[in-house]
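Since the structure is predicted, the reported quantities are computational estimates derived from the model, not experimental observations.
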Amino acid sequence: METENTNIPEMFGSLVFNDRVMKERLSEDVYASLRKTIDENVRLDDKVAEAVAEKMKEWALENGATHFTHWFQPLTGVTAEKHDSFIEPTKNGGVMMEFSGKELIKGEPDASSFPSGGLRATFEARGYTAWDPTSYAFIKDHTLCIPTAFCSYSGEALDKKTPLLRSMQAINRQAKRVLKLFGNEVNHVNTSVGPEQEYFLIDQKLFNQRTDLVYTGRTLFGCRPPKGQEMDDHYFGVIKPRVAEFMQDLDRELWKLGILAKTEHNEVAPAQHELAPIYTTTNIAADHNQLTMEIMQKVAKRHGMVCLLHEKPFAGVNGSGKHNNWSLSTDTGVNLLSPGETPYENAQFLLFLCAVIQAVDDYQDLLRLSVATAGNDHRLGANEAPPAIISVFLGDELTGILQAIKNDVPYEGKEKVQMKLGVHALPRFFRDTTDRNRTSPFAFTGNKFEFRSLGSSNSIACANIMLNSAVAESLRQYADELEKAEDFTTALHDLIKDVIIKHERILFDGNGYGEEWVKEATEVRGLSNLKTTADAMPKLLDQKNMEMLIRHKVFNEAEIHSRCEIMLENYCKTVNIEGLTMVDMVRKDYLPAIEEYLYTLSRAVDSMKSVNQNLKCRYEISTMEKLTDLTDNILTSVEELEKSLADLKNCKDIFETSAAIRDLVLPNMSTLRSYVDAAEMLTSAKYWPYPSYGKLLFSVQ
């Protein structure tokens with residue numbers, strides 16, 4: 001183990017064509033030109049691309065690569081790649097290894113088979129991938145992977161990277177305008193993200209025995225085991241040997257790819273764990289998170305396990321999220337969300353803080369729909385997950401500062417409290433000025449905001465596109481107002497005060513799980529409560545949302561409509577597959593298994609009665625009566641589910657279909673599950689066709 005630790009700096013990024021490699025291999029002129037493209041968004045020179053391609057090929061071949069691919073992120077939620085070898089034929093019947101600048105900067109995958117939301121007809125097949133120089137190429141499975149954007153023949157973005165880059169460009173433009181008013185000239189303002197990734201690990205043999213897990217990634221049936229997470233003994237507990245080996249292997253694979261895997265621990269639920277990286281530029285963080293999820297699943301299989309990334313693979317226990325730690329910083333290293341020692345006097349920080357508060361309030365529906373999926377709908381609002389209602393948690397100090405500004409009174413800050421633990425040998429330390437709120441969807445945590453609503457399988461691109469764009473809009477409004485002000489200081493004070501008054505409804509430091517909060521949020525404060533994807537996604541087409549996204553050139557109108565359709569279609573297809581899987585399991589496995597057990601019980605009664613007619617056979621007869629009632633209910637419920645699924649074909653559009661999914665299909669699925677789960681409690685484990693929750697959750701030791 002010590003040998004491995006000493007090699008980590010050498011191992012880190014060894015499969016990445018990163019800045020260090022480029023500086024070593026490229027000429028000074030080529031390197032300088034490429035850096036200018038990366039740092040200042042300057043157009044890439046074709047000659048530079050040719051030179052980079054040659055050196056990239058040499059490096060890739062030296063590291064065992066035989067193929068290259070344009071690695072992109074279509075609107076499927078996963079990554080895509082088409083592999084081409086480096087070989088080119090020679091006149092003497094041999095081959096040589098070639099890779100041109102044209103092959104580096106442009107690819108032509110078939111665009112017709114990816115979701116386009118009506119942007120492309122099936123016969124309009126051509127699409128393009130374009131090299132993203134701001135995200136380093138890397139080697140995976142002996143293939144040089146080149147991060148790229150993906151667009152249609154007519155130029156519309158068909159991926160998640162392109163709008164994310166556009167949103168980063170928008171917030172950079174507006175933040176620089178605001179900073180200039182404070183006398184701070186910077187070249188670039190970056191958004192940075194550190195996404196914490198939660199996941200489950202279960203034994204692969206048990207996974208393969210569960211039809212629902214194989215088809216949908218979550219258990220559609222299963223009653224809770226006698227022990228779940230109620231003892232709080234798994235959270236931060238000793239990592240089991242098999243899991244520890246997986247984590248060590250995973251770290252090595254991620255480090256080779258330059259992914260800053262930092263923190264790992266057991267999460268709340270049995271079999272649940274978390275990996276947290278060090279933050280990095282949002283575009284790179286999004287690429288890295290997609291890679292992390294892929295590699296987690298590959299490494300788990302090496303260890304005889306399956307990594308579940310579904311938001312709610314097991315009912316009744318903690319779901320899996322992805323905490324999006326978001327901040328703003330300049331190219332000079334200044335964190336614009338850092339309050340400093342005296343945040344009350346830090347006007348620049350307060351204005352950027354207000355920009356985020358206003359953005360979350362004005363575009364709470366965009367933030368909600370950015371995390372809306374069929375899986376995440378099961379998670380939000382329970383077991384450590386924030387509610388669907390979006391609100392901002394600031395903590396005592398910042399809340400006090402904003403209230404003082406609002407009321408035009410001096411801020412009387414509290415002195416820092418020194419913690420004394422009553423044991424002389426233990427160190428004393430100062431308590432943070434605010435506690436943490438685990439029920440808040442959007443919480444300030446010192447020098448960043450933690451958006452906690454993302455689901456574990458989500459691409460972080462979606463949430464950050466909306467967050468970047470919404471904050472860019474706040475900053476645009478501030479710059480427009482302050483640039484024409486005669487007295488900057490007075491105008492700044494009035495602006496901050498006005499924002500606090502108008503948007504304090506979004507600030508909430510209490511318990512987000514309480515029913516009283518739901519009532520207060522919706523009836524008193526007028527906040528939205530978009531409980532499902534079917535409720536949230538149509539809000540993308542609201543005029544204010546479309547105008548803002550188009551104004552900042554993050555999407556055009558066609559791209560917005562396409563994404564609304566794609567996300568709702570994904571929601572409908574996901575639930576439809578789950579419904580069909582339930583029908584399949586019930587008809588082929590659950591009902592026959594219960595019937596077989598009933599037959600066994602009836603034979604036992606007949607056999608015992610033949611010996612002694614006075615025997616009561618209470619257990620057998622009582623169980624048969626209950627199971628017979630349940631099988632009748634199961635049959636009725638499965639027929640109702642089948643009908644509601646069939647009726648989806650009669651819906652006139654995707655909005656009507658998603659509403660039917662929400663109002664009819666999902667309730668029918670829930671009813672069917674309740675009857676099957678009740679039958680599981682009465683049926684002998686010998687006859688039950690699938691591994692139980694207890695086996696699944698406690699299988700990895």
Side-chain angles (χ1 to χ4, degrees), residues 16 18-20 22-23 26 30-45 48 52 130-137 147-149 160-195 258 260 277-288 324-338 340 346 348-349 351-353 355-356 359 447-449 460-461 463-480 482-483 551-554:
V16 183
N18 55 25
D19 188 72
R20 176 182 56 79
M22 291 191 295
K23 198 167 188 177
L26 301 177
V30 170
Y31 173 76
S33 178
L34 182 58
R35 281 299 341 163
K36 198 172 184 67
T37 296
I38 295 170
D39 298 333
E40 300 177 29
N41 204 25
V42 175
R43 190 175 299 279
L44 181 73
D45 185 276
V48 169
V52 172
W131 176 35
D132 171 18
T134 66
S135 186
Y136 299 131
T148 56
K160 299 187 176 183
K161 176 182 281 285
T162 304
L164 180 60
L165 290 170
R166 292 171 182 169
S167 73
M168 293 170 66
Q169 195 166 273
I171 199 170
N172 168 58
R173 187 184 306 117
Q174 302 305 330
K176 284 167 65 176
R177 289 178 66 197
V178 170
L179 288 172
K180 188 175 181 180
L181 293 166
F182 285 92
N184 297 322
E185 296 274 1
V186 299
N187 292 321
H188 206 273
V189 175
N190 270 322
T191 58
S192 299
V193 172
L260 294 160
I278 300 171
Y279 70 91
T280 188
T281 307
T282 304
N283 177 39
I284 296 174
D287 287 356
H288 282 181
N324 190 80
N325 294 285
W326 181 91
S327 64
L328 270 172
S329 57
T330 69
D331 61 313
T332 57
V334 176
N335 184 337
L336 299 175
L337 292 178
S338 178
N346 190 342
Q348 180 177 287
F349 159 74
L351 188 62
F352 277 93
L353 177 70
V356 178
N447 60 3
K448 57 183 170 56
F449 277 96
I460 67 168
N464 287 290
I465 289 167
M466 298 309 179
L467 182 54
N468 291 347
S469 303
V471 175
E473 174 60 17
S474 297
L475 295 173
R476 180 194 69 82
Q477 294 177 20
Y478 299 170
D480 286 351
L482 294 173
E483 283 170 352
R551 180 185 301 117
H552 290 282
K553 300 179 180 179
V554 176

Would you confirm whether N172, through its side chain, and V189, through its main-chain N or O, come within 3.5 Å as a donor-acceptor pair? yes
Report the residue from S338, S327, S192 that forms a side chain to side chain contact (heavy atoms under 4.5 Å, CB included) with K448. S327
Heavy atoms, side chains only, cut-off 4.5 Å: are W326 and V356 in contact? yes
What distance do Q174 atom CD and L475 atom CG have between them, rounded to the nearest 0.5 Å? 7.0 Å
Apply side-chain contact (heavy atoms from CB on, under 4.5 Å) to the pair V52 and W131, showing each step before the final yes or no. CA-CA 12 Å; V52 172; W131 176 35; 4.0 Å; yes
Go through the steps to decide whether T191 and L467 satisfy the test side-chain contact (heavy atoms from CB on, under 4.5 Å), and finish with yes or no. CA-CA 10 Å; T191 58; L467 182 54; over 6 Å; no
Hey, could you give me the CD1/CG distance between I460 and N324, rounded to the nearest 0.5 Å? 5.5 Å
Checking the side chain of S329 only, and the main-chain atoms of V334 only, is there a donor and an acceptor separated by less than 3.5 Å? no
Taking atom CZ of F349 and atom CG of N447, what is their separation to the nearest 0.5 Å? 9.5 Å
N-O pairing of D19 and K23 below 4.0 Å: no
Between N187 and D39, does the side chain to side chain donor-acceptor pair (under 3.5 Å) criterion hold? Intermediate values first, please. CA-CA 9 Å; N187 292 321; D39 298 333; over 6 Å; no
Ring pair (Phe, Tyr, Trp, His ring centres under 6.0 Å) against Y478, all qualifying residues, sequence neighbours excluded: none
For T134, run the side chain to side chain donor-acceptor pair (under 3.5 Å) check against T281, D287, N283 and tell me which one passes. N283
With a 4.5 Å heavy-atom cut-off, do F449 and L353 have their side chains touching? yes
Kindly compute the distance separating CG (L328) from CG (N335), expressed to the nearest 0.5 Å. 8.0 Å
Taken to the nearest 0.5 Å, the spacing of D132 CG from T148 OG1 works out to 8.0 Å
Where N464 and L164 come nearest, the two heavy atoms and their spacing: CB-CD1, 3.9 Å
L179 side chain reached by L336 side chain, heavy atoms, under 4.5 Å: yes
Heavy-atom distance under 4.5 Å between the side chains of V554 and I465, does that happen here? yes
Closest non-hydrogen atom pair between S469 and S167, with its separation: OG-CB, 3.7 Å
Over all atoms of both residues, closest heavy-atom pair of P133 and L34: CB-CD1, 4.3 Å
Of all heavy-atom pairs linking G258 and H288, the shortest is O-CE1, 3.4 Å
T162 versus A149, closest heavy-atom pair with distance: OG1-CB, 3.2 Å
Do you know which two heavy atoms are closest between Y136 and R35, and how far apart they sit? OH-NH1, 3.5 Å
Could you go through K180 and K176, starting from their C-alpha distance and side-chain angles, then the distance that decides it, and tell me whether this counts as side-chain contact (heavy atoms from CB on, under 4.5 Å)? CA-CA 6 Å; K180 188 175 181 180; K176 284 167 65 176; over 6 Å; no
Applying side chain to side chain donor-acceptor pair (under 3.5 Å) to E483 and not counting sequence neighbours gives R177
Looking at CD of Q348 and CG of L337, how far apart are the two atoms once the value is rounded to the nearest 0.5 Å? 10.5 Å
Atom OH of residue position Y279 - does it have more than 12 heavy atoms of other residues, nucleotides or ligands inside 6.0 Å? no
Main chain of H188, side chain of D331: is a donor-acceptor contact present, judged purely on distance under 3.5 Å? yes
Could you pull out all residues at least two apart from R20 that satisfy salt bridge (Lys or Arg N to Asp or Glu O under 4.0 Å)? E24
